[in-house]
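Comments concern the structure below.
This is a predicted model, so every value here is computed, not measured.
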Amino acid sequence: MTKQQANWSPYDNNGGSCVAIAGADYCVIAADTRMSTGYNILTRDYSKICKLADKCVMASSGFQADVRALQKQLAARHLIYQHQHNKQMSCPAMAQLLSNTLYYKRFFPYYSFNVLGGLDNEGKGCVFTYDAVGSYEKVGYSSQGSGSTLIMPFLDNQLKSPSPLLLPAQDAVTPLVEAEAIDLVKTVFASASERDIYTVRRQTRTCYHKCSWYPPGIHGT
Amino acid sequence: MFRNQYDTDVTTWSPAGRLFQVEYAMEAVKQGSAAIGLRSKTHVVLGCVNKANSELSSHQKKIFKVDDHIGVAIAGLTADGRVLSRYMRNECINYSFTYESPLPVGRLVVQLADKAQVCTQRSWKRPYGVGLLVAGLDESGAHLYYNCPSGNYFEYQAFAIGSRSQAAKTYLERRFESFRDASRDDLVKDALMAIRETLQGETLKSLVCTVAVVGVGEPFHILDQGTVQQMIDAFEIVAEQEGPAAEPDTEAGQEASAEPEPEQGAAAGEGVAPMDI
């Protein structure tokens, strides 16, 4: 008598890829705009990017229903923080909150692969990368989602930072300027969309700069 | 005559059919420093007097943002007010989370009133000792409500609570018909004039008062001291220019402020310095 398996799964994978790159005084976050299920397209025009705080943006791929629930949770917790502290949450603080929120559902996880990007308190770019249950790390660049296996090695080649294990600690952020980083992001989606059926070239992109920031826009290529 | 016999428990009625503990709670509201509110069709303004315990201490925060479209001014036991503000903030956040739309003010005040009523019918509780002026905007327009410790709530065009609020109420009663269609700036000006009434002679400065606004296209926020001082200066200059032919209230304000002027100058350095909380 074999164990009965579930014939229904609460999860679905809506595909897509996310990328974030941090620089000395900027941060670029981008995600493609396709939402799929199985071999079908649900919509060509979906934003996987969500602004969590003034200087902090999250891009998530995976199961978009869980992603939406996660975004709402974080937004509510951010409101409480603002009432208590009279200020916006910083990017590193939000990073920790996201990790804790994900681990809270360790035994029925949010099927959400996240990349958090923004500026820290000194105006330096920062990127945090997560798995589905909240394990996270501050890095100089990252990608998540269905195209990440294609994107990540390319980013490693272009932006590889010194190992975080080195002493003294070396800067993980890339020395590239913002325009170069944006160009790199466009290239990355152009390449990934060639071979990953769930990723398209079209992306929403947010750029944080120390002096000003650009609201997320749909950028074609 | 029988007041002292029946006032030990909130759950004890007096022979005249009154709950004295609840009435004592409303007394606490009257002892707190003044808070006023007024509304037009599109905006609501809240104002309060900053009273500090001593010259060394900061003043207590009496106006709280509850959500982008709701704010509250309190009078009475500030601690109770803080707790109720936290409750209101929570309710707004939970409603937004579930319905992805802002909590209508009318619903919030009913929940608040029911919460207050519970404390009037449990022997192990006491009524909240704070009166709340809830200012909010929803689909049906701008609203101002007053929630009292008894669990009653009322909607107002303009109202004042706390100590010396009668002076402000008199001013508001005289002027309230013009509020409905007043501009935002006129409404703030009226609020400052009403606050000035409660000060009864003391000069009106931005240090001694706090003003907050919520309106169509304007999320709830507390006006910063610079802006408030500018508005005070603006209408005081107008009053001076108008001279003795000015309205009775501005005249009274002028005469009253002329007297403490020399003392103010001397005491300026030692004046109460409210710290930003």
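Between Tyr145(B) and Tyr153(B), the ring-plane angle classifies as tilted under the 30° and 60° cut-offs. Tyr136(A) and Phe128(A) have tilted rings, their planes meeting at an angle from 30° to 60° on a 0 to 90° scale.
The side chain to side chain contact (heavy atoms under 4.5 Å, CB included) test applied to Ala160(B) returns Ile36(B), Ser165(B), Ala168(B), Lys169(B), Leu172(B), not counting sequence neighbours.
Cys56(A) contributes atom SG, which lies 7.0 Å from atom OH of Tyr208(A) (distance to the nearest 0.5 angstrom). If you take CG on Leu137(B) and CG on Asp67(B), they are separated by 11.5 Å, rounding to the nearest 0.5 Å. Between Phe189(A) atom CZ and Ile151(A) atom CD1 the span is 5.0 Å, to the nearest 0.5 Å.
Contacts between residues 66-80 of chain A and chain B, counted as heavy-atom pairs separated by less than 4.5 Å, involve Arg68(A), Lys72(A), Gln73(A), Ala76(A), Leu79(A), Ile80(A). Chain A is approached within less than 4.5 Å, heavy atom to heavy atom, by Phe97(B), Glu100(B) from residues 97-108 of chain B, ordered by number. When the heavy atoms of residues 88-106 of chain A are compared with those of chain B, none of the residues falls under 4.5 Å.
Within the 4.5 Å cutoff, no side-chain heavy atoms of Phe220(B) are placed close to those of Ile70(B). When side chains are defined from C-beta on, Pro149(B) counts as touching Val29(B), because their heavy atoms get closer than 4.5 Å.
The backbone N or O of Gly71(B) lies less than 3.5 Å from no partner atom in the side chain of Lys65(B), so there is not a single donor-acceptor pair.
Side-chain atoms of Asn50(B) and Thr210(B) form a donor-acceptor pair, as typed in the model, at a separation below 3.5 Å. No side-chain donor-acceptor contact under 3.5 Å links Thr43(A) and Asp45(A). A donor and an acceptor atom, one from each side chain of Ser60(A) and Asn114(A), are located under 3.5 Å apart.
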For the pair Asp196(A) and Ser146(A), evaluate side chain to side chain donor-acceptor pair (under 3.5 Å) and give the outcome as yes or no after the intermediate values. CA-CA 7 Å; Asp196(A) 177 23; Ser146(A) 59; 2.8 Å; yes
